[in-house]
Amino acid sequence: ALRAILFDVDGTLAETEEVHRQSFNAAFRAAGLDWHWSRELYRELLAVTGGKERIGHFLAGLPAPPRCDVTALHRAKTERYTALVAGGAVGLRPGVARLLAEARAAGVRLAIATTTTPANVAALLAAALGPEGPALFEVMVAGDAVPRKKPAPDVYQAVLEAMGLDPAGCIAIEDSRNGVLSARRAGLPVLATPGLYTGDDDLRHALAVLSDLGEPDAPYCHLSGAGAG
Ligand code: XBP
Ligand code: MG
């Protein structure tokens, strides 16, 4: 039987990356930097997980990198992002709310394994699921809580350890190549639901690739069928 579902956040629970991108750009403007991350550039930059790491990578690629406080810049980005999300800028992807409710009713344990900042997840869960949202998830491991971000397995290993679970009875849900690799390296079967920025990702290591988590009567929605292995 399926024991737990481990969810990625960005791109999986919600289509957040456009709001992330806008928040990065707003933080750059506010700091007086003339940087602008277009959708096209952001697609490439997403290969680097973690906002601070992404800024650092971008900075290192500039011909004449200016002096800049990446931590402060990222803090400003997070403030912007959480304000936008609290204001309702993103909703859950199709099928997510239903799956959470069904899993809960079936006694399947729920957790979050994400690269993003804890405040961002809190803002999203509260805005999209209401005050009870965060409590749906028994464990959340986020951002800098582990030494290496996705595609390293650290975040998924930390979740499994906190839950006292083996990967075999669990499934991860991810949208991106880096996320799928992270979960697979932790020994987890993965269901992939690519989105706006991850439609072209190589998701071959996933058990299945679905456009989204579907509607109530679709056959793949039945939890009993979701836990391979
Ligand atoms: C998501 C990310 C995150 C966000 C930015 O990856 O890479 O870095 O884009 O979040 P995943 P922060 O969905 O695989 O976890 O700026 O808070 O780091
Ligand atoms: Mg993701």
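Counting from 1, the numbers follow the sequence of the chain as shown. Order of listing sets the numbers, starting from 1, for every ligand and every atom in it.
For atom 17 (O) of ligand 1, the closest heavy atom belonging to the protein is Thr117 OG1, 2.6 Å. Of the protein's heavy atoms, Thr116 OG1, 2.7 Å lies nearest to atom 10 (O) of ligand 1. Considering only non-hydrogen protein atoms, atom 1 (C) of ligand 1 sits nearest to Asp10 OD2, 3.5 Å. Closest protein heavy atom to atom 15 (O) of ligand 1: Thr115 N, 3.0 Å. Shortest contact from atom 14 (O) of ligand 1 to any protein heavy atom: Lys150 CD, 3.5 Å. Protein heavy atom closest to atom 18 (O) of ligand 1, with residue, atom name and distance, is Gly51 N, 2.6 Å.
Asp8 counts as a contact of ligand 1, since one of its heavy atoms falls under 4.0 Å from the ligand. Distances from ligand 1 to the non-hydrogen atoms of Arg54 include at least one value under 4.0 Å. At least one heavy atom of Gly50 sits closer than 4.0 Å to an atom of ligand 1. Ligand 1 lies within reach of Thr114, whose nearest heavy atom is under 4.0 Å from it. Using a 4.0 Å cutoff on heavy atoms, Glu53 does not count as a contact of ligand 1.
Checked against Leu6 for a side-chain contact (heavy atoms from CB on, under 4.5 Å), the options Val139, Val141, Leu110, Leu160 give a single hit: Leu160.
Taking a cut-off of under 4.0 Å to the non-hydrogen atoms of Thr49, the atoms of ligand 1 that pass are 7 (O). Residue-ligand proximity, Tyr42 to ligand 1, at heavy-atom distances under 4.0 Å covers atoms 9 (O). Near Lys77, meaning under 4.0 Å from any of its heavy atoms, are these atoms of ligand 1: 5 (C), 10 (O), 12 (P), 16 (O), 17 (O).
Atom CZ of Arg54 sits in a crowded spot, with more than 12 heavy atoms from other residues, nucleotides or ligands closer than 6.0 Å.
Here the side chain of Arg3 pairs no donor or acceptor atom with the backbone of Gly169 at under 3.5 angstrom. Of the possible donor and acceptor atoms, one in the side chain of Thr49 sits under 3.5 Å from a partner among the backbone N and O of Lys150. Put simply, the side chain of Thr117 never gets that close to the backbone of Ala119: no donor and acceptor are under 3.5 Å apart. With Asp202 contributing its side chain and Arg204 its backbone, the two residues share a donor-acceptor pair below 3.5 Å. Counting only distance, with no hydrogens or angles, the side chain of Thr78 and the backbone of His74 share a donor-acceptor pair below 3.5 Å. At least one donor-acceptor pair closer than 3.5 Å links the side chain of Arg93 to the backbone N or O of Gly11. A donor-acceptor pair is defined here as one N or O able to donate and one able to accept, closer than 3.5 Å; no such pair exists between the side chain of Thr193 and the backbone of Asp175. Of the possible polar contacts, none joining the Arg148 side chain to the Asp154 backbone as a donor-acceptor pair under 3.5 Å is found.
Residue Leu59 is grouped with residue Leu41 when hydrophobic side chains (ILVMFWY) are merged at heavy-atom distances under 4.5 angstrom, including chains of intermediate members.
Residue Asp8 approaches the Mg ion (ligand 2) most closely through its N/O/S atom OD2. The N, O or S atom of Asp10 with the smallest distance to the Mg ion (ligand 2) is O. Shortest distance from the Mg ion (ligand 2) to Asp175 is reached at OD1 (N/O/S atoms only).
Within the coordination shell of the Mg ion (ligand 2), defined by N, O or S atoms under 2.8 Å, Glu174 is absent.
The proximity of Tyr197 to ligand 1, defined as any non-hydrogen pair under 4.0 Å, does not occur for either the backbone or the side chain. Contacts with ligand 1 closer than 4.0 Å are made by side-chain heavy atoms of Asn120 only, the backbone lying farther away. Residue contacts with ligand 1 for Lys149 are absent, since no atom lies close enough (heavy atoms, distance under 4.0 Å).
Aromatic ring centres of Phe28 and His36 lie farther apart than the 6.0 Å criterion allows.
Between Lys52 and ligand 1, not a single N/O pair is under 3.5 Å apart.
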Just do the side-chain hydrogen bond (donor to acceptor under 3.5 Å, both in side chains) check on Tyr197 and Glu18 with the steps written out, would you? CA-CA 9 Å; Tyr197 276 103; Glu18 271 300 281; 2.4 Å; yes

